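Take a look at the structure set out below.
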2 protein chains.
Amino acid sequence: MNKPSPQAAYIHCYEQIRDKILNGELPAGMKLVEERLAAEMGVSRTPVRESIRRLEQEGLIKKKRVVNPTDEELRHIFQVRILLEGFAARCAASYMDEATLGRLQQCIDIARKGDDQETMLANKEFHDLIVQSSRNPEIVSIIDRMQSIIYLFRKAVVYYKRPFLIDEHQSILDAIRARDAARAERLMQEHLQADLDFYLHLGRR
Amino acid sequence: MNKPSPQAAYIHCYEQIRDKILNGELPAGMKLVEERLAAEMGVSRTPVRESIRRLEQEGLIKKKRVVNPTDEELRHIFQVRILLEGFAARCAASYMDEATLGRLQQCIDIARKGDDQETMLANKEFHDLIVQSSRNPEIVSIIDRMQSIIYLFRKAVVYYKRPFLIDEHQSILDAIRARDAARAERLMQEHLQADLDFYLHLGRR
DNA sequence: TTCGATAAAATTGTATACAAATTTAAAGTT
DNA sequence: AACTTTAAATTTGTATACAATTTTATCGAA
């Protein structure tokens, strides 16, 4: 009755390498050498190799190097987010239950008065809850993948203090609460577009 | 069929296994055993293993078995297509050049009078050309992945003779030609919805 | 029979060795 | 210097051995 061991090497490796990429320990552009990573984690090349391949397919690694998304790639990714998260917001307006609506409001409240870390997590949860309300695993997984790549592009935590970001979240929630699907979708799309513009503006500094 | 053949085993394996899944040689539900496939292709388990992992990530294999998408999974996949291909149709109406418009018309003409195989290819090209006109590699690759899974669901070639399918293509092209982005998007979405309904109807027989 | 326990077989996960390919360094020539 | 060419080194791709795990088969008891 035992579930797959809590840490099969190939899973553990994948998660660890992924984390190191996302937290910057393996910086953008860095060449990933199987043997070095394997030694670092005390395993053989085999599970490391699988992990790299998987991360390559997810778009976090390209040609054995940590990706450094260009402005254009970022625009492409955001276009997908705009379409899918816009739809998710529409679903939320139609189907989201009271408990989750309450949790969305909590996310906004936490983001308003919390520290950087709390704000970041609350803002992320806000989006995740809406995406999940699409009840579509394909959409959830596509968005999750893209959020990781976007995370990589973020140069400064400052982002989570973007002016109006939390106000926009509040407007979206208001539309969802009012069960106004069209408005929720439009506001989400505008919100993401503003996000993209902010990223691109940060980019050239 | 004779391109400078990819001599790398892991690429060749991936393509061959993928083909066998799509053409039914490896039928839905079949357990894929690394050693058996390796022997069949005259290589070791290593490249076979990588191929299986990749196909697993693409959604053609689940738990070492060729997937058999449920109605619900099919709906989820089509929802993504509706959103992304709808957007692509909008882009096509805005940006598509004369040459490509001409090619779209050819696809329709071929599909009307060709045999099953020609019709299938022409209909597929029609969609591919529109998706490509989004000029967004992320969208192209997501749709490509989903089309493969849908292909797996198709029980009969009959599909490509679905009533009105080609007429719907013609209407979409007309809207694109007229540079009517909103209408092109709406027609594409309705077209895909009709496709989905047809599949689901086929399913319970 | 049906059920559960358990032994046997099959299959996967991991490490390792070696060959093929790629990258880096070194050398000589202009 | 800059530019090839060649040698050395690094790194990847593949095969293979073995351990760990999962699946299947077998047996006996209720």
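What you are looking at is a predicted structure, and each value in this text was computed from that prediction instead of being measured. All chains are named by letter (A, B, ...) in the order of the sequence lines, taking the proteins before the strands, and each is independently numbered beginning at 1. Just so you know, these numbers use all the heavy atoms, side chains as well, and skip hydrogens, waters and symmetry mates.
- Nearest-nucleotide assignment on DNA chain C puts the 5′-proximal partner with A9(A), out of A9(A) and R65(A).
- Among the atoms of the strands shown, none is found under 4.0 Å from any heavy atom of E50(B).
- Distance alone, capped at 3.5 Å, places no donor-acceptor pair between the N68(A) side chain and the G29(A) backbone.
- Using cut-offs of 30° and 60° for the angle between ring planes, the F153(B) and Y199(B) rings count as perpendicular.
- By the 6.0 Å contact criterion, CD on E35(B) is open, its count of non-hydrogen atoms from other residues, nucleotides or ligands being 12 or less.
- Between the P atom of dA15(D) and the CZ atom of R49(A) lies a distance of 12 Å, rounded to the nearest Å.
- Counting non-hydrogen atoms under 4.0 angstrom, I52(A) reaches nothing in the nucleic acid.
- Listed pair K64(A) / dT23(C) fails the phosphate criterion, with no side-chain N or O lying under 4.0 Å from OP1 or OP2.
- Rounded to whole Å, the distance from CG on L37(B) to P on dA15(D) is 14 Å.
- Checking Q132(B), H191(B), Q147(B) one by one against H127(B), the side-chain hydrogen bond (donor to acceptor under 3.5 Å, both in side chains) holds for a single residue, H191(B).
- Between the CD1 atom of I11(B) and the C1' atom of dT14(D) there is a distance of 14 Å, rounded to whole Å.
- OP1 or OP2 of dG13(D) has at least one side-chain nitrogen or oxygen of R53(A) nearer than 4.0 Å.
- Rounding to whole angstrom units, NE2 of residue H12(A) and C1' of dG13(C) are separated by 16 Å.
- Atoms CZ (R36(A)) and C1' (dT12(D)) sit 16 Å apart, rounded to a whole Å.
- Because its NZ or CZ atom is not both nearer than 6.0 Å to the ring centre of F78(A) and within 45° of the ring axis, R75(A) does not count as a cation-pi partner of that residue.
- The separation between E35(A) atom CD and dA15(C) atom P is 13 Å, rounded to whole Å.
- For the OP1/OP2 pair of dA15(D) and a distance below 4.0 Å, the side-chain nitrogens and oxygens of S44(B) include at least one atom meeting the criterion.
- Straight-line distance from the CD atom of E56(B) to the C1' atom of dT12(C): 12 Å, rounded to whole Å.
- Distances shown here put every side-chain N or O of R45(A) at or beyond 4.0 Å from the OP1 or OP2 atom of dT14(C).
- Between L32(A) atom CG and dT22(C) atom C1' there is a gap of 17 Å when expressed in whole angstrom units.
- Residue-to-nucleotide proximity on DNA chain D shows that, of K31(B) and P47(B), the 5′-proximal contact is made by P47(B).
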